[in-house]
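Shown next, in structure tokens, is the structure this report addresses.
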Amino acid sequence: MNNFLIDNISNHGNNSIKVLSTIHHSWRQRSIVGKEPPDYLKYDINKPDFIEELLPFSDHYVFKELNDLNKSRVLSCGWLIYNQKTVCIESDIVTPSCNDILNNKIPGLSSPIIHKLVCETLVDEAFHILLVKNANLICQYKRDLKNITLGDFSLKNNLQHEQQNYQQEWQKILIQLATSIVSEIFVSDYLDQLSSNNEIQPFNKATVSAHRSDELAHSKIFTEITKQMVIKLDDIQKEFLVKMLAQSVLWFANKDFDLWNRVLVQLNIKNNRVLINDCRANNEIGLDKIDCSDLIELCKNVGLFDKDSSKQIFSDLNIKIQ
């Protein structure tokens with residue numbers, strides 16, 4: 001019965017619905033849910049858990065002068081933070097937006113195929129959390145980092161703080177959705193940096209590769225549902241969405257120096273305050289590490305950049321739109 005319903009929806013003239021239907025039909029084949037998880041026996045204690053270049057202070061002399069043991073422990077914490085940010089994105093950013101869609105709180109997204117895909121996405125996200133939580137437990141056990149605590153990410157904190165600045169429900173919902181759109185578009189590239197690296201831990205690489213295969217589809221899903229949603233917004237709501245998309249880029253690109261400071265203190269890294277303060281002063285937002293081209297293209301395709309004032313919102317935050 002469900003297949004009959006979805007097959008008939010797929011045949012209607014809306015191109016985004018057709019794309020979303022194709023993604024739905026491929027779910028059981030492409031999703032990592034139910035497939036063999038990465039083999040923890042492949043964990044190689046002699047290989048680093050993370051890439052130095054992805055640390056927000058990799059060029060600083062304090063980090064470069066660390067002995068091999070401390071450098072290895074910092075890299076392992078980089079892996080823990082990397083995975084925990086994934087948990088933050090899945091549970092605190094994307095899941096609430098999925099729930100808003102299922103509860104018909106977002107205009108233009110009431111189609112059964114969209115709701116079906118959102119349910120599948122929630123299943124994927126829950127499995128991703130399990131995947132990376134297991135990866136972190138293995139790392140903490142292997143590297144004797146069981147007592148390390150991380151805390152909240154700026155992405156979550158900034159989102160919640162921004163929502164508190166507005167009273168209307170539609171504003172809070174669009175803030176959440178904008179952050180979800182940005183996160184799902186960016187997270188594939190975020191994961192690609194490790195999934196294609198042969199120098200790191202084989203188990204870690206396999207974990208990220210498995211996760212990324214799902215996120216490529218999720219990026220497409222959120223791109224297409226944005227197209228469905230935008231046509232139902234009025235001009236005030238569209239401009240608000242543009243503003244929140246731009247802000248979300250900065251939130252995603254934040255290097256989380258406060259979180260790193262707590263970790264370095266727990267690792268007893270000498271001169272950690274100098275390291276963090278120097279790097280924070282140089283650049284707290286890593287826009288140079290973010291590829292905004294897909295987001296910019298989406299904004300252009302759905303008419304969000306038809307007004308010069310909307311383009312200016314991005315430009316004022318140093319986000320290039322050309």
Practice task
Could you walk me through whether Tyr82 and Asn204 pass the side chain to side chain contact (heavy atoms under 4.5 Å, CB included) test, one step at a time?
Solution key: CA-CA 11 Å; Tyr82 187 89; Asn204 295 2; over 6 Å; no
Exercise for the section: Please step through side chain to side chain contact (heavy atoms under 4.5 Å, CB included) for the pair Asn157 and His161, ending with a clear verdict. Expected result: CA-CA 6 Å; Asn157 292 337; His161 178 75; over 6 Å; no
Handout entry: Steps toward salt bridge (Lys or Arg N to Asp or Glu O under 4.0 Å) verdict (Lys227, Glu224)
Key = CA-CA 5 Å; Lys227 295 176 183 179; Glu224 295 302 324; 3.2 Å; yes
Problem - Chi angles and distances behind the side chain to side chain contact (heavy atoms under 4.5 Å, CB included) call for Lys270, Val62 - result: CA-CA 8 Å; Lys270 292 182 179 180; Val62 171; over 6 Å; no
Problem - CA sep, side-chain torsions, deciding dist, call: Asp256, Ser154, side chain to side chain donor-acceptor pair (under 3.5 Å) - result: CA-CA 6 Å; Asp256 282 299; Ser154 59; 3.0 Å; yes
Practice task
Carefully, step by step, assess Leu174 and Met229 under the rule side chain to side chain contact (heavy atoms under 4.5 Å, CB included).
Solution key: CA-CA 11 Å; Leu174 282 186; Met229 180 261 301; 4.3 Å; yes
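Between Leu150 and Arg262, the closest side-chain pair of non-hydrogen atoms is not below 4.5 Å. Ile225 has its side chain out of reach of Ile106: every pair of non-hydrogen atoms, C-beta onward, lies at least 4.5 Å apart. Gln201 places none of its side-chain heavy atoms less than 4.5 Å from the side chain of Trp79. Between Leu145 and Leu267 the shortest side-chain heavy-atom distance falls below 4.5 Å. Within the 4.5 Å cutoff, side-chain heavy atoms of Leu194 are placed close to those of Leu54. Two residues are said to be in side-chain contact when any heavy atoms from C-beta on lie closer than 4.5 Å; Phe203 and Asp49 fail this criterion. For the pair Leu275/Cys279, a side-chain contact is recorded, criterion being any heavy-atom separation below 4.5 Å from C-beta on. Side-chain contact between Leu122 and Leu102: present, with at least one pair of heavy atoms (C-beta onward) separated by less than 4.5 Å.
Remark: Ile173 CD1 to Trp170 CH2 distance equals 10.5 Å, nearest 0.5 Å. Note that NZ of Lys172 and CG of Asp100 are 12.0 Å apart. Values are rounded to the nearest 0.5 Å. The line from CD1 of Ile175 to CG of Leu241 is 10.5 Å long, rounded to the nearest 0.5 Å. Here CG of Asp124 is found 9.5 Å from CZ of Phe127. Values are rounded to the nearest 0.5 Å. Note that CG of Leu80 is 5.0 Å distant from CD of Gln140, once rounded to the nearest 0.5 Å. Rounded to the nearest 0.5 Å, atoms CD1 (Ile93) and CG (Leu155) are 4.0 Å apart.
Clustering ILVMFWY residues whenever any of their side-chain heavy atoms sit less than 4.5 angstrom apart, transitively, puts Ile236 in the very cluster that holds Val242. Transitive grouping of hydrophobic side chains (ILVMFWY, heavy atoms separated by less than 4.5 Å) keeps Leu137 and Val132 in distinct clusters. Linking ILVMFWY side-chain heavy atoms closer than 4.5 Å, directly or via other members, places Trp251 and Ile290 in a single hydrophobic cluster. One hydrophobic cluster holds both Leu317 and Met244 under the rule that ILVMFWY side chains link at heavy-atom gaps under 4.5 Å. Under a hydrophobic-cluster definition in which Ile, Leu, Val, Met, Phe, Trp and Tyr are linked whenever side-chain heavy atoms come within less than 4.5 Å, directly or via other members, Tyr141 and Val87 are assigned to different clusters.
With Val74 as the partner, the side chain to side chain contact (heavy atoms under 4.5 Å, CB included) test is satisfied by one option alone out of Leu66, Asn272, Val263: Leu66.
Within the structure, every pair that satisfies the side chain to side chain donor-acceptor pair (under 3.5 Å) test and touches residues 59-73, not counting sequence neighbours, is listed here: His60-Asp278.
Considering every non-hydrogen atom in both Ile51 and Leu75, the closest pair reads C-CD2, 4.0 Å. Nearest heavy atom pair, residue Ser110 against residue His115, reads CA-NE2, 3.7 Å. For Phe153 against Ile81, the heavy-atom pair with the smallest separation is CZ-O, 3.4 Å. The two residues Asp152 and Leu259 have their closest heavy-atom pair at O-CD1, 3.6 Å. In terms of heavy atoms, Ile321 sits closest to Lys300 at O-NZ, 3.3 Å. Of all heavy-atom pairs between Gly108 and Ile114, the closest is O-CD1, 4.2 Å.
Although no hydrogens or angles enter the test, the distance criterion places a donor-acceptor pair under 3.5 Å between the side chain of Thr95 and the main chain of Glu90. With Arg143 contributing its side chain and Ile45 its backbone, the two residues share a donor-acceptor pair below 3.5 Å. A donor-acceptor distance shorter than 3.5 angstrom exists from the side chain of Ser97 to the backbone of Gln176, with no hydrogens or angles considered. Judged by distance alone, with hydrogens and angles left aside, the side-chain atoms of Gln266 form a donor-acceptor pair with the main-chain N or O of Thr149 at under 3.5 Å. Checked by atom type and distance alone, the side chain of Asn103 never pairs as donor or acceptor with a backbone atom of Lys105 at under 3.5 Å.
By the neighbour-count criterion of 12 heavy atoms within 6.0 Å, atom NZ of Lys47 is densely surrounded, having more than that number from other residues, nucleotides or ligands. Within 6.0 Å of NZ in Lys320 there are 12 or fewer heavy atoms belonging to other residues, nucleotides or ligands.
Ring pair Phe240/Tyr166 is perpendicular by interplanar angle, where above 60° counts as perpendicular and below 30° as parallel.
Every ring-ring contact (aromatic ring centres under 6.0 Å, His included) that Trp260 has, sequence neighbours left out, goes to Phe57. Every residue was checked against the salt bridge (Lys or Arg N to Asp or Glu O under 4.0 Å) condition with Asp288, not counting sequence neighbours, and none meets it.
Cation-pi geometry between Lys85 and Phe252 is satisfied (NZ or CZ under 6.0 Å from the ring centre, within 45° of the ring normal).
With 3.5 Å as the limit, one finds a donor-acceptor pair spanning the side chains of Gln84 and Lys133. Asn197 and Lys205 share no side-chain donor-acceptor pair at under 3.5 Å.
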